[in-house]
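All ligand and atom numbering here is 1-based and tracks the order in the structure. The structure presented is a predicted model; accordingly, all values stated were derived computationally and were not measured. Numbers for residues simply follow the sequence, beginning at 1.
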Amino acid sequence: MSRDALPPGPRSVLPQLVHMRDPFPYMRELAAKYKPPVTVPMLGAPPIVLTWTPEGIRTIFGADPMSFATATNEALSVILGSGSIFLQSGAEHRRTRKLLSPPFHGDRMRAYAALMARAAERWTEKIPRDKVAPVLPIAQGITLDVIVEAIFGEQDPSRVEALHERILAVVAAFNPMIATFKLLQREFGGIGPWARFQARAKSLHEVMLGLIAEKRQKPGDDVLSLLVAARDEDGSALSDREIIEQLLTFVVAGHETTATSVAWALYELHRAPETLAKLREELAQAAREQTPPEALPKLTYLRAVVDETLRMHPPVPIITRKITAPIELEGYSLPAGTFVAAGAYNAHCREETFEAPHAFRPERFVHKTYTPFEYLPYGGGHRRCLGAGFATFELCVVLATVLARASFELAEPKPVEHAFRIGTFGPSTGVRLRRA
Ligand code: HEM
């Protein structure tokens, strides 16, 4: 497709290369230089037409789902399997979404609150006192335990730990090179990165198959039990393989995103003593009233802190789709095959929507609501994050629990930057804190 048919934008991929690890400054640069939509060239891939105005985002999120395909890199199928909802489009995607949605309905969150709080308590106890340490590994421990317990439905402590270890072993053995280059996807006599990855994936799949069999026999209150019981309109169920693919998708989608958000929230709170004091006051009041974990997400200021963290640090800063039918985007006729993206980060930095956008001010979410085209940390339209309610709920419960059990000082002499981490963007240093 001719580049000239697309909106203007930078011609060189050089700035993108320079900012590969942390593209947030580049996105701000684009917003300062260009009126959206802007065509951004990509290295070794087609350009992306990026917009961040509410009108442009409405066009992308509001269009007919059948005219959009997933833009997820197929390489991900190596780790997730080709049936992952991330890789599906059209009618197939709609079917999977219908089957996967019920376990994430708001009223189900109550069942998960207590185990989220327990995981946060357990991991907070592991933070050493009077020592500077990054908080991200603790946050990752919490969010992975929550996935294992709430989603996989494994609650026996030693089996939770074993499953946790196996998941981390697969993630550690995953090397983007083996996903990208098919030539490397060979066993080479049982040695090498592909063989190691396959062996670890197989061992994780075996445990998952065991769990699926258990849930078929004795369903619990977890997401897996609901997936096992889920039926299509024609009465068909998800196969074991499909269930494994979606469970792995939840790990990839829900672990790192939520963990980096916990770390960012603690970072911003400890840079803003008045905000932290205000939050601690609200939490102390809730403790006096013996508020149960499932009611914590109703605390107004806590919820605003979570919303503001995701505004300033969206783990997925741009949300990309491939169009399969021509669309009109802010005066441009884009042909089928074009990649378009909603720039969440730039939308969250628009002065027209958010006054003083680079300041951490949870109050803005107390006094005002924003449309899904102005505030979009969870994407939007027919592909909006399935775990959005779960993640916001978890972030509230985890932050409240960690802050109730520990006090910290920030040990970051310089502003922390964003850095690319397993599919999402998180704090480059892991946010170093000293527990008092
Ligand atoms: C702070 C935490 C999280 C953030 C910021 C986040 C963000 C996102 C974003 C931006 C998308 C793409 C949406 C789009 O294309 O419009 C997405 C998709 C998805 N997320 Fe999340 N997510 C989070 C946590 C979770 C959790 C905890 C789960 C599940 C346990 C989850 C499951 C999914 C799934 C299954 C999809 C694919 C939806 C589809 O393609 O239809 N996410 N998420």
message: What I want to check is whether the side chains of Thr96 and Gln88 have a donor and an acceptor closer together than 3.5 Å.
response: yes
Intermediate values then yes/no, side chain to side chain contact (heavy atoms under 4.5 Å, CB included), Cys396 and Leu299: CA-CA 9 Å; Cys396 290; Leu299 299 180; over 6 Å; no
message: Please compare Gly381, Pro317, Ser89, Gly254 and report which has the shortest non-hydrogen distance to atom 27 (C) of ligand 1.
response: Gly254
- prompt: Using a heavy-atom cut-off of under 4.0 Å, does the side chain or the backbone of Phe390 touch ligand 1, or both, or neither?
  reply: side chain
statement: of all protein heavy atoms, closest to atom 13 (C) of ligand 1 is Arg383 O, 3.2 Å
- prompt: Side chain or backbone of Arg321 under 4.0 Å from ligand 1, or both, or neither, by non-hydrogen atoms?
  reply: side chain
- prompt: Rounded to the nearest 0.5 Å, what separation is found between the CD1 atom of Ile57 and the CG atom of Leu329?
  reply: 10.0 Å
- request: Compute whether any side-chain donor of one residue and acceptor of the other, for Asp64 and Ser67, lie under 3.5 angstrom apart.
  value: no
field: Residue part near ligand 1, for Pro315, under 4.0 Å between non-hydrogen atoms
entry: side chain
statement: Near Ala391 (heavy-atom distance under 4.0 Å), the atoms of ligand 1 are 2 (C), 24 (C)
- request: Report the nearest protein non-hydrogen atom to atom 23 (C) of ligand 1: residue, atom name, distance rounded to 0.1 Å.
  value: Thr257 OG1, 3.6 Å
- prompt: What do the steps show when you test Leu266 against Leu403 for side chain to side chain contact (heavy atoms under 4.5 Å, CB included), and what is the final call?
  reply: CA-CA 9 Å; Leu266 291 172; Leu403 288 172; 4.0 Å; yes
- request: Specify the protein heavy atom at minimum distance from atom 32 (C) of ligand 1: its residue, its atom name, and the distance to 0.1 Å.
  value: Ala253 CB, 3.5 Å
message: Using salt bridge (Lys or Arg N to Asp or Glu O under 4.0 Å), reason through Arg95 and Asp234 one step at a time and then give a plain yes or no.
response: CA-CA 11 Å; Arg95 168 190 179 253; Asp234 66 8; over 6 Å; no
field: Mode of Gln246 contact toward ligand 1 - side chain, backbone, both, neither (heavy atoms, under 4.0 Å)
entry: neither
- request: Measure from NZ or CZ of Arg311 to the centre of the six-membered ring of Phe354, then state whether that distance is under 6.0 Å and the direction lies within 45° of the axis.
  value: yes
statement: Value for CZ (Arg383) from OG1 (Thr72), rounded to nearest 0.5 Å, stands at 6.0 Å
task: Quickly, which of His348, His418, His358, His19 forms a ring-ring contact (aromatic ring centres under 6.0 Å, His included) with Phe24? Name it, please.
output: His418
- request: Return the residue, atom name and 0.1 Å-rounded distance of the protein heavy atom closest to atom 30 (C) of ligand 1.
  value: Ile151 CD1, 3.4 Å
task: Using a 4.0 Å heavy-atom threshold (strictly under), name the region of Val223 that reaches ligand 1: side chain, backbone, both or neither.
output: neither
query: For atom 6 (C) of ligand 1, which protein heavy atom lies nearest, and how many Å away is it?
result: Tyr378 CD2, 3.6 Å
statement: A student checking ligand 1 against Gly380 at a 4.0 Å heavy-atom cut-off should list atoms 16 (O)
field: N-O pairing of Glu161 and Arg122 below 4.0 Å
entry: no
- prompt: Are the side chains of Ser428 and Arg21 in touch, meaning some heavy atoms are under 4.5 Å apart?
  reply: yes
message: Among all the protein's non-hydrogen atoms, which is closest to atom 37 (C) of ligand 1, and how far away is it?
response: Phe86 CE2, 3.5 Å
query: Which option out of Pro314, Gly387, Cys385, Gly379 puts a heavy atom nearest to atom 8 (C) of ligand 1?
result: Cys385
- request: Using a 4.0 Å heavy-atom threshold (strictly under), name the region of Ser261 that reaches ligand 1: side chain, backbone, both or neither.
  value: side chain
query: Heavy atom of His93 under 4.0 Å from ligand 1?
result: yes
- request: Please could you name the atoms of ligand 1 that Pro377 approaches to less than 4.0 Å, counting only its heavy atoms?
  value: 5 (C), 7 (C), 10 (C)
